[in-house]
Amino acid sequence: MYGLWKPRVLGAWKVPVSGPVIFAVNHSHNIDGPMVMGVAPRPTHFLIKKEAFIGPLDPFLLGIGQVKVDRDTTDRTAITQALGVLDNGGVLGIFPEGTRGEGDFAALRAGLAYFAVRGGAPIVPVAVLGSSDRPGRLVKMLPPLRSRVDVVFGDPFEAGDGSGRRTRKALDEATERIQKQLSAHLDNARRLTGRR
């Protein structure tokens, strides 16, 4: 990442140095996940749609510990692997919107709340800004080479209410709390970086 672009990383010191953690990352461009993996202070295992595991990318992504997920069904294998990352004290990366979009955390899916409550892991909000500002000249699908991409790590927070409940109502309430925290972090990251 540092060879192709100019990442500016803010708040990396806020990431807990050990124990299970979930990175909740906004997603507006294909390079957001690799950018976070490349600059994060700890190795990160992302939940990645199965469609990305094609050709030589399949053994590569599996080899670096990424988790293949089928978004069209309840993928029990992916859930077990993701919880295993947290059980082993690792970092699980999630795009809580479920798919690439505006990257504004406006529509969260319940998966993030489930993993945070079930895995007992604090959530660290991560804002990637600048990856989708404009296309590159050589490769239109990528940001311009050597352009600045900001990665802003926020303060860790607990998603649950402390009761340990995992009912649908508890997860819905946790999702609401998470959405507020992530939106506030994104607003703060935009202020810090001077990006809109």
Side-chain angles (χ1 to χ4, degrees), residues 9-28 32-33 35-37 39-48 65-67 69 71 74-129 150-193:
V9 182
L10 303 173
W13 57 271
K14 296 178 181 183
V15 176
V17 295
S18 63
V21 173
I22 296 174
F23 287 162
V25 184
N26 68 323
H27 195 22
S28 61
D32 295 340
M35 183 63 70
V36 172
M37 281 187 263
V39 303
R42 293 177 60 186
T44 307
H45 307 271
F46 268 93
L47 283 173
I48 301 174
Q66 305 314 302
V67 180
V69 63
R71 298 180 301 169
T74 302
D75 189 339
R76 300 212 180 282
T77 301
I79 292 169
T80 301
Q81 288 176 333
L83 289 172
V85 167
L86 297 174
D87 288 345
N88 290 327
V91 178
L92 180 65
I94 295 178
F95 299 114
E97 295 161 294
T99 188
R100 193 171 64 248
E102 294 299 312
D104 58 3
F105 294 124
L108 301 193
R109 299 175 93 173
L112 175 57
Y114 173 79
F115 286 116
V117 172
R118 170 75 171 69
I123 295 171
V124 172
V126 184
V128 180
L129 303 170
D150 294 320
V151 181
V152 184
F153 293 90
D155 293 313
F157 66 92
E158 297 294 330
D161 60 5
S163 70
R165 293 178 305 128
R166 286 184 256 165
T167 63
R168 167 57 57 200
K169 184 173 186 247
L171 291 178
D172 288 346
E173 290 169 357
T175 299
E176 269 186 54
R177 278 191 293 280
I178 292 167
Q179 206 273 336
K180 287 178 185 164
Q181 292 270 10
L182 297 184
S183 293
H185 172 67
L186 187 58
D187 289 345
N188 187 50
R190 285 177 172 149
R191 274 194 303 278
L192 280 172
T193 61

Can you confirm if the aromatic rings of Phe95 and Phe46 lie within a centre distance of less than 6.0 Å? yes

Does Asp172 pair with Arg168 as a salt bridge, N-O distance under 4.0 Å? yes

What one should report as the nearest heavy-atom pair of Val67 and Gln81 is CG1-OE1, 3.4 Å

Once rounded to the nearest 0.5 Å, what's the spacing between atom CG of Leu182 and atom CG of Leu112? 6.5 Å

From Asn188 CG over to Thr193 OG1, what is the distance, rounded to the nearest 0.5 angstrom? 9.5 Å

Heavy-atom nearest pair, Ala127 first then Leu186, reads CB-CD1, 3.8 Å

Exam field: side chain Gln66 to backbone Thr44, donor-acceptor pair closer than 3.5 Å: yes

Of all heavy-atom pairs between Ala174 and Val117, which one has the smallest distance, and what is that distance? CB-CG2, 4.3 Å

Pair listing, salt bridge (Lys or Arg N to Asp or Glu O under 4.0 Å) test, anchored in residues 11-26, at least two apart: Lys14-Asp155

Separation of Arg118 CZ from Leu83 CG (nearest 0.5 Å): 5.0 Å

What are the two closest non-hydrogen atoms of Leu86 and Gly119, and how far apart are they? CD1-CA, 4.0 Å

Looking at Ala40 and Phe153, what are the two nearest heavy atoms and their distance? CA-CZ, 3.9 Å

Partner set under salt bridge (Lys or Arg N to Asp or Glu O under 4.0 Å) for Glu173, not counting sequence neighbours: Arg165, Lys169

What distance separates Asp32 CG from Asn26 CG, expressed to the nearest 0.5 Å? 6.0 Å

Atom CE in Met37, atom CZ in Phe23: separation rounded to 0.5 Å? 11.5 Å

Is there a donor-acceptor pair under 3.5 Å between the side chain of Arg177 and the backbone N or O of Ala113? no

Would the distance check show the side chain of His185 and the main-chain N or O of Val152 forming a donor-acceptor pair, the cut-off being under 3.5 Å? yes

Decide yes or no for Val25 and Val128: does some side-chain heavy atom of the first lie under 4.5 Å from some side-chain heavy atom of the second? yes

Determine the minimum heavy-atom distance between Gly154 and Val124, stating which atoms define it. O-CG1, 3.5 Å

Looking just at side-chain N and O atoms, do Thr175 and Gln179 make a donor-acceptor pair shorter than 3.5 Å? no

Under the side chain to side chain contact (heavy atoms under 4.5 Å, CB included) rule, what do Val91 and Val85 come out as? Steps first, then yes or no, please. CA-CA 7 Å; Val91 178; Val85 167; 5.8 Å; no

Separation between CD1 (Ile94) and CD1 (Ile123), nearest 0.5 Å, reads 8.0 Å

